[in-house]
Amino acid sequence: MAIALLTTMSHRELDTLQAALNSALNSLRIAMDESMLSPLSSQYAVDMHPLDSLDHPTPVGVYEARQAALASITELKNLLQHPFEKVAESAFSMYDFVTVQVFVEYGIVDRMAREPSGISVETLQSELNLDSRKLTTILRHLSACGWLRETHDGIFAMNRSSGILLQGQRGRALISVPGNMRIAEALPRWLTHPESRFSQSPGHTAFQLANNTTKPFFEWVKDDRNYLGGFAACVEAIGEYITPGILSDYPWETCLESTIVDCGGGKGSLAIALANRFPALRLVVQEKEEMVALAEANIEARLDPNSVPGTVVVEAHDLFSSQPRTGDNYTFMLRHVLHNWPETQAVSILEKLAAAAGPKSKILIIERISGHCPDTLVQLENSPADTTDVTSSASFATDQVVLNSSSRMPQALALHLLCLLNCHERTLDQWRTIICQAGLVVTGLYKLRAYVSVMECRVIRT
């Protein structure tokens, strides 16, 4: 009787995840073949795969299948992993970060790049003056994290992933910003600090506690040019990761009759990418005074030399000051800007743009939308006060599961920005509340092949 019971037991969750993973992998194979993409390899390839590019969008079918597969794998691990192992991984996760820092900052990855078949820890000790015994444990940890492969005892080689950490690659900028560990360590103190416990001020953050300062982050950073350069490079790298989706999945041809003003545009990377992709566009990058020189140098270095002079220009402007460019001739763009600010300041920024915009002007807000996001504009148009979907899908790979489980990056970034700036991720309803308070209305919502979406807004005319 017991044997019969065991054979009829339902493994519903396991079966659902297995089916979801098999379906996603089959779809991935088909989509890659249709796109003429070579097979993937992580352990036996050193060169980056076309899918690793930050310069071209991932084909739609490949993007969707990959996201679904990664979400399935994450949920399978959550189902199968022993809880104590999960605790242990979290307890020692700080070494995931610091070992990558060692790998980069002490030149190990750059030295390994010259030996694609592998290099011994003894050679690394001789050339880099680092203890081979300590290096062995560090490199084995990196191997367990998927950054390397140990080809023989004590001999390590790069794999496809580690190429993103080489000199000049965008991943290097992300890992090289100093002080992040110190900020993370201040998080528990910040939650119970008497002045900060319930504060929403950007002057009461874990960043202030970690750096023993009363200055908000953006005031503090402008006084340290070395840190500013590294931080700007990190922000630029994150922006460039999502840029291919922005360029490909929004109808930029609808902006050809206006000049695009990139408000808080950093070093101008998105403006440069837009100008290089759509030569007929005209763009203005607005940034704080201390960023202007960095943006101008970046434009000079990376804008297509055949571009018409003045295609992309830079001007100093504060987001909280009146917008000098007014009327229908302008489209205003905010990418990764409003998430830096609490609601009151975010509304103030948008109010300045609403006051400057003409009836035909568009305000493009490029941000992550957490929680439920409608698949079409019908829900926005027919039910402007409620974007909650009361129906539930029987499929495993719902948008919400894929969003939460396919990548930890968006949520980790949201947590880091909370600690830096006391800013919060927002649902679509929360975004629309802020947008409405500023006198704007969402007229379009564009999902991208990225973790952000484009909310297209216009001024409410009474």
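Only heavy atoms go into these numbers, but all of them, side chains included; no hydrogens, no water, no symmetry mates. We number each residue from 1, following the sequence as shown. This one's a predicted model, so the numbers in the text were calculated from it and none came from an experiment.
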Taking all non-hydrogen atoms of both residues into account, name the closest pair between A69 and A24 and its distance.
N-CB, 3.5 Å
Any side-chain heavy-atom pair from D55 and T243 closer than 4.5 angstrom?
no
State the CD1-NE2 distance between I366 and H339, to the nearest 0.5 angstrom.
11.5 Å
Heavy atoms of L448 and G245 approach each other most closely as CD2-O, 3.9 Å
In Å, rounded to the nearest 0.5 Å, how long is the span from NE2 of H336 to CZ of R368?
10.0 Å
CD/E287 to CG/L319 distance, rounded to the nearest 0.5 angstrom?
7.0 Å
Is it the case that over 12 heavy atoms from other parts of the model lie below 6.0 angstrom from the OH atom of Y227?
yes
Go through it in stages, so that I can follow the logic: the residues are M48 and S53, the test is side-chain contact (heavy atoms from CB on, under 4.5 Å), and I'd like the CA-CA distance, side-chain angles, deciding distance and then a yes or no.
CA-CA 8 Å; M48 298 182 79; S53 171; over 6 Å; no
For the pair S370 (side chain) and R426 (backbone), establish whether a donor and an acceptor sit closer than 3.5 Å, ignoring hydrogens and angles.
yes
Test side chain to side chain donor-acceptor pair (under 3.5 Å) on S348 and Q345; report intermediate values, then the result.
CA-CA 5 Å; S348 177; Q345 287 92 332; over 6 Å; no
With rounding to the nearest 0.5 angstrom, report the CG to CG distance, L420 to L413.
9.5 Å
Where do N159 and L148 land on the side-chain contact (heavy atoms from CB on, under 4.5 Å) test, with the steps shown first?
CA-CA 5 Å; N159 61 17; L148 295 171; 5.5 Å; no
Neighbour count above 12 (heavy atom, 6.0 Å) for D15 CG:
yes
Is the number of heavy atoms from other residues, nucleotides or ligands under 6.0 Å of E195 CD greater than 12?
no
Run the side chain to side chain donor-acceptor pair (under 3.5 Å) check on Y250 and E456 step by step: do they pass?
CA-CA 10 Å; Y250 179 78; E456 183 182 273; 2.4 Å; yes
Check whether any side-chain heavy atom of E85 lies under 4.5 Å from a side-chain heavy atom of V87, and answer yes or no.
no
Judged by atom type as modelled, is there a donor-acceptor pair below 3.5 Å linking the side chain of R182 to the main-chain atoms of A210?
yes
Answer whether the closest heavy-atom distance between the side chains of I175 and F103 falls below 4.5 Å.
no
Could you check whether any side-chain heavy atom of P116 comes within less than 4.5 Å of a side-chain heavy atom of M158, counting everything from C-beta outward?
no
For the residue pair S132 and E122, confirm or rule out a side-chain donor-acceptor distance under 3.5 Å.
no
Worked verdict on Q286 versus Q323 for side chain to side chain donor-acceptor pair (under 3.5 Å):
CA-CA 10 Å; Q286 292 183 338; Q323 174 58 241; 2.9 Å; yes
Work out which heavy atom in G266 is nearest to a heavy atom in V285; give both atom names and the distance.
O-CG1, 4.1 Å
Going by atom types only, do Y330 and R325 share a side-chain donor-acceptor pair under 3.5 Å?
yes
Do I434 and W341 come within less than 4.5 Å of each other through their side chains, counting heavy atoms only?
no
Taking all heavy atoms of H49 and all of S38, pick out the closest pair and write down the distance.
NE2-O, 2.6 Å
Would you check, one step at a time, whether the test salt bridge (Lys or Arg N to Asp or Glu O under 4.0 Å) holds for R302 with E240?
CA-CA 13 Å; R302 298 175 57 190; E240 289 180 348; 2.6 Å; yes
Looking only at the side chains, is there a donor atom on one of H204 and S196 sitting less than 3.5 Å from an acceptor on the other?
no
With rounding to the nearest 0.5 angstrom, report the CG to CG distance, L28 to L21.
10.5 Å
Other residues, nucleotides, ligands: >12 heavy atoms within 6.0 Å of Y63 OH
yes
Under the side-chain contact (heavy atoms from CB on, under 4.5 Å) criterion, do E343 and V347 qualify, and how do the steps go?
CA-CA 6 Å; E343 182 173 325; V347 171; 4.3 Å; yes
Can you name the closest pair of heavy atoms from A237 and A173 and give their distance?
CB-CB, 4.3 Å
Stepwise salt bridge (Lys or Arg N to Asp or Glu O under 4.0 Å) test for D47 and R160:
CA-CA 6 Å; D47 295 332; R160 197 183 97 225; over 6 Å; no
Please report the closest heavy-atom contact between A346 and L338, naming both atoms and the distance.
O-CD2, 4.0 Å
N/O donor-acceptor pair under 3.5 Å between H317 side chain and K288 backbone:
no
Donor-acceptor contact present, side-chain N211 to main-chain T213, <3.5 Å:
no
Flag yes if more than 12 heavy atoms outside Q200 fall under 6.0 Å of its CD atom; otherwise flag no.
no
Listed once per pair and sorted, the ring-ring contact (aromatic ring centres under 6.0 Å, His included) pairs that draw on residues 106-163, sequence neighbours left out
none
Please check this pair: side chain of Q208 against backbone of K215, looking for a donor-acceptor N/O pair closer than 3.5 Å.
yes
Quick check: do N78 and K86 have side-chain heavy atoms less than 4.5 Å from each other?
yes
Other residues, nucleotides, ligands: >12 heavy atoms within 6.0 Å of E219 CD:
yes
Assess whether side chain to side chain donor-acceptor pair (under 3.5 Å) is satisfied between Q411 and E425, documenting all intermediate values.
CA-CA 9 Å; Q411 201 60 49; E425 59 179 342; 3.0 Å; yes
Just by distance, with hydrogens left out, do T99 and R140 show a side-chain donor and acceptor under 3.5 Å apart?
no
Can S120 and T123 be counted as having a side-chain donor-acceptor contact under 3.5 angstrom?
yes
Are any side-chain N or O atoms of D249 and backbone N or O atoms of R449, one a donor and one an acceptor, separated by less than 3.5 Å?
yes
Contact check, side chains of T427 and I369, non-hydrogen atoms, under 4.5 Å:
no
Can you tell me how far the CG atom of L281 sits from the CD atom of E253, to the nearest 0.5 Å?
9.5 Å
Inspect the surroundings of CD in E300 and state if more than 12 heavy atoms from other residues, nucleotides or ligands are less than 6.0 Å away.
no
Test your reading of the model: is there a side-chain donor-acceptor pair from R172 to the backbone of L165, 3.5 Å cut-off?
yes
Intermediate values then yes/no, side-chain contact (heavy atoms from CB on, under 4.5 Å), I365 and L350:
CA-CA 10 Å; I365 301 171; L350 289 175; 4.0 Å; yes
Counting distance only, does the side-chain N/O of N422 pair as donor-acceptor with the main-chain N or O of S201 below 3.5 Å?
yes
Mark yes or no for whether R282, through its side chain, and P279, through its backbone, hold a donor-acceptor pair below 3.5 Å.
yes
Side chains of V62 and L51, heavy atoms from C-beta outward: is any pair under 4.5 Å?
yes
Under a plain distance cut-off of 3.5 Å, with no hydrogens placed, do S72 and E75 share a side-chain donor-acceptor pair?
no
Main-chain N/O of K267 paired with N298 side-chain donor or acceptor, under 3.5 Å:
yes
Taking the six-membered ring where the residue is Trp, are the ring centres of F207 and W190 under 6.0 Å apart?
no
